[in-house]
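Report on the following structure.
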Amino acid sequence: MELQEKIAVPIFTEVDREVFLKEVYPGRGPAVLRGVDLGPCVERWTVEYLGMKGGEREVKIHVSTVTQMDFLHKNFVYKTLPFNEFVRRASEAKHSDFFLCEDESYYLRSLGEDVRKEPAELSKQFPDLAEDFHIPRFFESDQFFSSVFRISSRGLQLWTHYDVMDNLLAQVTGRKRVVLYSPQDALHLYLNGDKSEVLDIDAPDMKLFPEFVKARRYDCVLEPGDLLFIPALWFHNTLALHFGVGVNIFWRHLSADSYDKKDPYGNKDPVAAARALQTLERGLHALDELPAEYRDFYGRRMVQRIQKRTYCHSPDSETTIPRSLSNKPG
């Protein structure tokens, strides 16, 4: 079987705001940032400490009998547990208390107080734990969107998807493998909305997904205390090598009115993009009125026009960089 091209994500050490803005951000590619001060959380956030500080606040969690979670087909259930009980279970390999089976996997993605309107914010949902975590100030304060608390069982793998905002994934405890794919390889990822249908990226079904091998794969392993810069629109897939705790920090790098105001998760397409996709769909419906050979002909002309108007190539590489994402934050 043809092998997928694999590229190591570059590692930067001793990164501060100036280094990030001058050396990391302009490349518009993923980067591991090592040596950034995340605060005392890296040493403090043990299972016992998390349970004590998080207390009995109830949290909504994903529970699955398999380790590869699939959001498209919902191979998990939502359950509610006190936070300290959830942390205890998530840190175990086998459970004496369980919902589905003794080796079930757990995943928490923190939510805002009003899950339909408010983005997650660590300082609001877990104020005592937030005191231990220092958010890197690589962007202006008014660009801040959310800080998402994440905890997962060992071996848990999350589906490949993209977000529409730049973000930093802080791996506070445990180790995590992250695989990323460029936005320019989107056509090889078998998308369904913002998610890929290829669940097993390490051993994909090549009969179902023959184009997947063409996508360039970027790999990294995050150690405790590492940050991963994930630029907007980059696809990412995570695998928890240990029980681990992380925090995602999202910020608006486009103008505020570019984003859907009813999007607490930061994963809805920008307003202009959503409008363009709707317009395209109407155009395709119009082509349905024509015979097949006419649909083929005018469809190809539409594709050519889209490529001419939107594709933008970096002069230094083969990577294509959208114009709208080429500006520095702030």
Side-chain angles (χ1 to χ4, degrees), residues 6-39 41-42 109 119-120 122 133-141 143-150 158 160-186 194 216-240 244-254 259 265-267 314 316-317 319-322 324-330:
K6 293 186 179 181
I7 303 168
V9 175
I11 298 173
F12 294 79
T13 57
E14 306 302 325
V15 177
D16 57 16
R17 179 185 171 95
E18 182 179 4
V19 171
F20 179 76
L21 292 180
K22 289 184 177 180
E23 299 182 21
V24 180
Y25 191 86
R28 299 306 300 163
V32 175
L33 314 181
R34 193 156 282 170
V36 178
D37 180 17
L38 298 180
C41 56
V42 179
R109 183 222 189 269
L122 185 63
F133 180 76
H134 298 165
I135 295 179
R137 296 300 179 184
F138 295 162
F139 51 91
E140 300 297 334
S141 58
Q143 293 177 292
F144 173 82
F145 178 74
S146 65
S147 49
V148 181
F149 198 36
R150 300 184 189 274
L158 296 184
T160 305
H161 69 284
Y162 71 87
D163 300 296
V164 299
M165 296 184 190
D166 285 348
N167 78 90
L168 292 168
L169 170 58
Q171 188 65 24
V172 179
T173 69
R175 299 171 73 237
K176 178 174 289 181
R177 186 195 76 175
V178 185
V179 175
L180 304 103
Y181 298 96
S182 165
Q184 283 71 48
D185 283 333
D194 64 338
R216 292 158 297 174
R217 170 175 169 152
Y218 293 74
D219 277 75
C220 66
V221 172
L222 302 181
E223 305 289 342
D226 283 353
L227 281 168
L228 174 62
F229 171 52
I230 307 177
L233 307 184
W234 274 76
F235 297 87
H236 44 286
N237 178 293
T238 63
L239 171 63
V245 183
V247 181
N248 259 134
I249 304 100
F250 292 85
W251 68 92
R252 303 179 186 90
H253 61 290
L254 304 178
Y259 301 100
Y265 296 97
N267 59 5
S314 166
D316 298 323
S317 70
T319 302
T320 304
I321 302 175
S324 60
L325 302 183
S326 63
N327 297 321
K328 293 182 180 180

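We number each residue from 1, following the sequence as shown. Side-chain atoms are counted along with the backbone in the values below, which use heavy atoms only and exclude waters and symmetry mates.
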Any residue meeting salt bridge (charged side-chain N to carboxylate O under 4.0 Å, His left out) with D163, in chain and number order, not counting sequence neighbours: none

Verdict with supporting geometry, F229 and F138, ring-ring contact (aromatic ring centres under 6.0 Å, His included): CA-CA 11 Å; F229 171 52; F138 295 162; 9.0 Å; no

With sequence neighbours excluded, residues passing salt bridge (charged side-chain N to carboxylate O under 4.0 Å, His left out) with E14: none

R137 CZ to D16 CG distance, which is reported to the nearest 0.5 Å: 15.0 Å

F144 side chain near I135 side chain, heavy-atom distance below 4.5 Å: yes

Pairing of R216 and D185 as salt bridge, 4.0 angstrom limit: yes

Spacing of D166 atom CG and R252 atom CZ [to the nearest 0.5 Å]: 13.0 Å

Short side-chain to backbone donor-acceptor contact, N237 and L158, under 3.5 Å: yes

Under the ring pair (Phe, Tyr, Trp, His ring centres under 6.0 Å) test, residues paired with F250 that sit two or more places apart: none

L228 vs V9, side-chain contact (heavy atoms from CB on, under 4.5 Å): CA-CA, chis, key distance, verdict: CA-CA 9 Å; L228 174 62; V9 175; 4.3 Å; yes

Nearest-0.5 Å distance, CH2 of residue W234 to NE2 of residue H161: 14.5 Å

Short N-O contact, E140 and R17, less than 4.0 angstrom: yes

Close side-chain approach of F12 to R34, heavy-atom, < 4.5 Å: no

Gap separating the OH atom of Y162 from the NE2 atom of H236, nearest 0.5 angstrom: 11.5 Å

Any donor-acceptor pair under 3.5 Å from Q171 side chain to T173 backbone: yes

Option from D219, L180, V24, L169 for which side chain to side chain contact (heavy atoms under 4.5 Å, CB included) with P30 holds: L180

Backbone N/O of F235 and side chain of T160: donor-acceptor pair under 3.5 Å: no

Where S147 and L122 come nearest, the two heavy atoms and their spacing: OG-N, 2.8 Å

Minimum-distance pair of heavy atoms, taken over all atoms of G225 and V42: CA-CG2, 4.1 Å

Euclidean distance, L38 CG relative to D226 CG, rounded to 0.5 Å: 8.5 Å

Partner set under side chain to side chain contact (heavy atoms under 4.5 Å, CB included) for V221, not counting sequence neighbours: R175, R177, E223, L241

All ring pair (Phe, Tyr, Trp, His ring centres under 6.0 Å) counterparts of F133, not counting sequence neighbours: none

Contact summary for S146 and A120, nearest pair of heavy atoms: CB-O, 3.2 Å

Counterpart residues, salt bridge (charged side-chain N to carboxylate O under 4.0 Å, His left out), relative to R150 (two or more places apart): none

N/O donor-acceptor pair under 3.5 Å between S182 side chain and Q184 backbone: yes

Inter-residue atom distance L227.CG - D37.CG, 0.5 Å rounding: 10.5 Å

Whether Y218 side chain and A31 backbone form a donor-acceptor pair below 3.5 Å: no

